[in-house]
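Beneath this line is the structure, given in structure tokens, with notes to follow.
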Amino acid sequence: MTLLSKRLQAVYQMVDKDTRVADIGSDHAYLPVELMEEKICQFAIAGEVAPGPMSRSKEDVDKFGLSKQIDVRLGDGLAVIKPEDQIDTVVIAGMGGILIQNILTRATADQLSNVKTLILQPNIGEPLVRHWLVENNFEIVDEDIIEEEHHVYEVIKANKVAQAKPLNSAQILMVQY
């Protein structure tokens, strides 16, 4: 059972086993549903910024009988995360780099308190995302490039570290792995 596009499959492949995931801008909750169905994560939040997409995500979660494991929430960016959720992995996929950077910049310390891994898939503006990661002590540990429907997508996985290594100008622009 896979509802995932090639692009979301690449994101799915980067999620570590036994994690607690927040999928921001969840797109029908396809990713959280797949992660639960395949027993990759323990708990997930499908975050949506508008009521229409939220109700579609809720319908999909209910259809698979996963409403106890996947919480569909309405909110702007990481505002859907509470410290008691113990979210350790945040996925933000299918948005521009500027929007991803803004979502991460607006996040509070509480919302990021347990986050160890970010999996980001900017449609454009990847250098902005890489800059934010380094400036906020996340180190890129994996990257992938996917072509789907005549568009090339980058997927970036980064882990929280005490001090991120700076990237040179070529590393800011290009996939390293």
Side-chain angles (χ1 to χ4, degrees), residues 7-8 10-12 14-16 19-33 35 41-58 60-61 70-144 151 153-167 169 171-173 175:
R7 175 181 64 83
L8 283 179
V11 171
Y12 168 89
M14 290 190 184
V15 178
D16 296 323
T19 53
R20 295 176 67 84
V21 177
D23 184 21
I24 306 304
S26 193
D27 191 24
H28 296 273
Y30 290 158
L31 182 65
V33 165
L35 290 168
C41 70
Q42 302 169 353
F43 171 76
I45 295 169
E48 297 289 4
V49 74
M54 186 186 104
S55 62
R56 284 191 297 279
S57 290
K58 185 103 182 82
D60 285 337
V61 168
I70 301 172
D71 197 358
V72 180
R73 297 182 185 169
L74 184 64
D76 188 6
L78 301 188
V80 297
I81 300 173
K82 302 177 187 95
E84 58 269 21
D85 296 325
Q86 298 181 326
I87 295 298
D88 53 33
T89 302
V90 170
V91 173
I92 308 175
M95 301 176 202
I98 291 172
L99 182 54
I100 291 173
Q101 180 191 40
N102 285 341
I103 288 169
L104 292 169
T105 299
R106 288 191 323 254
T108 65
D110 277 353
Q111 291 159 353
L112 287 172
S113 62
N114 296 303
V115 175
K116 296 174 182 65
T117 303
L118 295 173
I119 302 170
L120 309 172
Q121 184 273 295
N123 291 342
I124 57 169
E126 298 85 356
L128 295 171
V129 172
R130 288 193 184 89
H131 270 294
W132 187 94
L133 291 168
V134 170
E135 289 169 4
N136 291 276
N137 292 317
F138 280 87
E139 191 163 270
I140 298 170
V141 295
D142 196 6
E143 290 186 84
D144 201 356
H151 193 86
Y153 300 99
E154 291 183 35
V155 183
I156 303 167
K157 179 178 182 177
N159 290 338
K160 185 76 173 157
V161 293
Q163 182 65 48
K165 295 180 199 131
L167 299 177
S169 56
Q171 291 170 319
I172 288 289
L173 294 175
V175 173

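Positions are given from 1, in the same order as the sequence printed here.
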Reported CG-to-CD1 distance for the pair Leu99 and Ile124, which is rounded to 0.5 angstrom
10.0 Å
If you round to the nearest 0.5 Å, how far is CD1 of Ile119 from OG1 of Thr19?
7.5 Å
Spatial distance of atom CZ (Arg7) from atom CG (Asp144) [nearest 0.5 Å]
13.0 Å
Do you know which two heavy atoms are closest between Pro122 and Ile100, and how far apart they sit?
CA-CD1, 3.6 Å
Any Ile87 side-chain heavy atom under 4.5 Å of Ile45 side chain:
yes
What one should report as the nearest heavy-atom pair of Cys41 and Val21 is CB-CG2, 3.9 Å
Quick check for you: to the nearest 0.5 Å, what is the distance between Asp23 atom CG and Leu35 atom CG?
8.0 Å
Can you classify the ring geometry of Tyr30 versus His28 as parallel (below 30°), tilted (30 to 60°) or perpendicular (above 60°)?
parallel
Flag the pair Asp76 / Arg106 as yes when at least one side-chain heavy-atom distance between them is below 4.5 Å, and no otherwise.
yes
Closest approach of Asn123 and Glu126, non-hydrogen atoms and distance?
O-OE2, 3.8 Å
With a 4.0 Å cut-off on N to O distance, would you call Lys58 and Asp71 a salt bridge?
no
Backbone N or O of Lys82 within a donor-acceptor pair of the Asp85 side chain at under 3.5 Å?
yes
Which distance, rounded to the nearest 0.5 Å, do you find between the CG of Asn114 and the NZ of Lys160?
12.5 Å
Would you call Lys157-Asp16 a salt bridge at under 4.0 Å N-O?
yes
Tell me yes or no: between the side chains of Glu139 and Asn137, is some donor less than 3.5 Å from an acceptor?
no
Could you check if a side-chain atom of Trp132 sits within less than 4.5 angstrom of a side-chain atom of Thr105, using non-hydrogen atoms only?
yes
Can you find a heavy atom in the side chain of Val134 that is under 4.5 Å from one in the side chain of His131?
no
So how far is it from Leu120 CG to Phe138 CZ, rounded to the nearest 0.5 Å?
9.0 Å
Side chain of Arg73, backbone of Val80: donor and acceptor closer than 3.5 Å?
yes
Just wondering, do Leu78 and Val90 contact through their side chains at under 4.5 Å, heavy atoms?
yes
Ignoring hydrogens and geometry beyond distance, is a side-chain donor-acceptor pair present between Ser26 and Glu48 at under 3.5 Å?
no
Can you check side-chain contact (heavy atoms from CB on, under 4.5 Å) on Asp142 and Val155, steps first, answer last?
CA-CA 8 Å; Asp142 196 6; Val155 183; over 6 Å; no
Side chains of Leu133 and Leu118 in contact at under 4.5 Å (non-hydrogen atoms)
yes
Side-chain touch Ile140/Leu167, heavy atoms, less than 4.5 angstrom:
yes
Among side-chain atoms of Arg130 and Gln171, is any donor-acceptor pair under 3.5 angstrom?
no
Heavy atoms only: give me the nearest Ser57-Val72 pair and the separation to one decimal.
CB-CG1, 3.9 Å
Has Asp88 got a side-chain atom pairing as donor or acceptor with Arg20's backbone, closer than 3.5 angstrom?
yes
side-chain contact (heavy atoms from CB on, under 4.5 Å) between Val91 and Ile24, intermediate numbers included
CA-CA 6 Å; Val91 173; Ile24 306 304; over 6 Å; no
Report yes if the side chains of Met54 and Pro51 come closer than 4.5 Å at any heavy-atom pair, otherwise no.
no
